[in-house]
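Atoms within each ligand, like the ligands themselves, are counted from 1 in listed order. One-based numbering along the sequence shown.
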Amino acid sequence: MSFDSFCLHDSLIANIKRAGYETPTPIQAEAVPHVMEGHDLMGLAQTGTGKTAAFLLPILHRLITNPARTRSPRTLILAPTRELAEQIFRSTLDFMRGTRLRATVIYGGVGMFPQVRALRQGVDVIVACPGRLLDHLNQGNVRFDGLETLVLDEADHMFDMGFLPDIKRILAALPAKRQTLLFSATMPPAISGLAAETLTDPVTVRIGHLAPLSTVEHAIYPVSHNQKAPLLLHLLGEAGKESVIVFTRTKHRAKNLAQQLCRSGHKATCLQGNLSQRQRQIAMDGFRRGSFQILVATDIAARGIDVSQVAHVVNFDIPDTAEAYTHRIGRTGRAERDGQAHTFVTGEDMGMVRAIESHMKKPLPRRNVEGFEPEPGEFRRSAPAPRSAARPRQGYGAPRQGGYGDRQRQGDRPYGDRPRGPRPEGARADSARDDRPRSDRPRSDRPAADRPRSDRPRTERQPSDERRSTFGLGGADNRSGNQRPRRAYNDGASAA
Ligand code: AMP
């Protein structure tokens, strides 16, 4: 199949060629014709499948071929994080090249005025995070009377991050007669509810639902807490110059680890919620351009970021849920390229390893790296079954009641930045790790002074069976499953 079969406008075909896309990805092949016909769509697809172009191309085709008389927003794309919003905005600009269309991006943490000016000048496409867009709506800076298409991207993340009430307020300001496209990697009950409320007679397109990308090779590294950093340095030494994203559990760990990597001579940066928007942009741009080889990030800061050349994802700390594992490794092996996912596990992580394996419906190969084997007995302790909520940990980073440990479970947020409202029913507990700058948080999470009076609450004070045999084999490269031979980390290339 080729892009020509979609009968897209010539300028879009030229821009697709310029982007280097030769054939549509499966979600593009399935979704583009339905969106072009004007159907509502439920896209069950994870990041890395090419879903951005799957919705942008048919939307832009319609905007180009049916020009409007006035320039008011005809398409609104909502995304959970600034990074994802920026990324979609960039793709929009790339695909719009050579047309008369205009787009803008709206998110918090930066000045309102340039956004107000862009909105007043008139745009065809708005890409936005819900919180700041709601501010503009409330201040009368934007109207959606002429809106034709709404896209809700990464709807499950928006829900996890507590944006559902904001989204519902935005929906109330949109014309009822419109096309709505909803994309989500998972389908918790709240998202089914949102889909039932917002979509009319939708077509469902399901690509790689809940399954990690097939182009990714996985490995589990049993290791003691104090050997994680040395093991990472060892693996980086073998990674050559390929790009690496390293995930840590907290902002402080991301910052400290990035500093440690720099001290060891690596070109590393970090992406975590304590950074200003400018610092985040510098980190992301530097990583995209290759001036930083390693990006150390927390889950929320890195949500949905697309760096197509990422070769390795290292889970320095195991994620809190099996779904989070899928989202993390979605950063590598993107668009049919090979990638590797390396997960460091300590004895207490074995319950989560089992949860991830059952989620993926296959065992993950273990690798013991000589010189970094866990301490004897570490994996003989019985690992507790994972809770769906963020687990209290033993040993390193153990939470103490009411003390620093509690702050760690809260994602190291300063006390004043914690959400005040209850977590939405069914939202995953890892959403409590709120990495967003204040202005990108849902309205209910913001300090009272940031909220309009009507939104304020009345009172403002307000393993024993851990496959011992697999680990016990203890080979330097102890695989299970039908794995392809390892590529980069075994190639003996020297450090960058
Ligand atoms: P997305 O899932 O939209 O974040 O896309 C993931 C990556 O795949 C991005 O780097 C896109 O530029 C790239 N991509 C999307 N569609 C194609 C395609 N048809 N061929 C090659 N790369 C693509």
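The contact set between ligand 1 and Thr23, taken as ligand atoms under 4.0 Å from a residue heavy atom, comprises 18 (C), 19 (N), 20 (N). When each atom of ligand 1 is checked for a heavy atom of Thr52 under 4.0 Å away, the hits are 1 (P), 3 (O), 4 (O). Taking every non-hydrogen atom of Thr25 and a distance limit under 4.0 Å, the qualifying atoms of ligand 1 come out as 16 (N), 17 (C), 18 (C), 19 (N).
Under 4.0 angstrom from ligand 1, there are no non-hydrogen atoms of Phe183.
The CG atom of Leu295 sits 8.0 Å away from the CZ atom of Phe247 when rounded to the nearest 0.5 Å. The line from CG of Asn141 to CZ of Arg132 is 10.0 Å long, rounded to the nearest 0.5 Å. If you take CG on Leu78 and CG on Leu133, they are separated by 6.5 Å, rounding to the nearest 0.5 Å. In this structure, CG in Leu12 is found 8.0 Å from CZ in Phe95, a value given to the nearest 0.5 Å. A distance of 5.0 Å separates CG of Asp40 from OG1 of Thr200, quoted to the nearest 0.5 Å.
Remark: ligand 1 and Gln87 share no N or O pair separated by less than 3.5 Å (distance only, no angle test). Below 3.5 Å of separation, one finds no N or O of Glu22 facing any N or O of ligand 1.
For the pair Ile27 and ligand 1, no heavy-atom separation below 4.0 Å is found.
Inspection of the Asn15 and Arg18 side chains reveals an N or O donor paired with an N or O acceptor under 3.5 Å.
Selection from Ala29, Pro24, Gly50 by nearest heavy atom to atom 1 (P) of ligand 1 gives Gly50.
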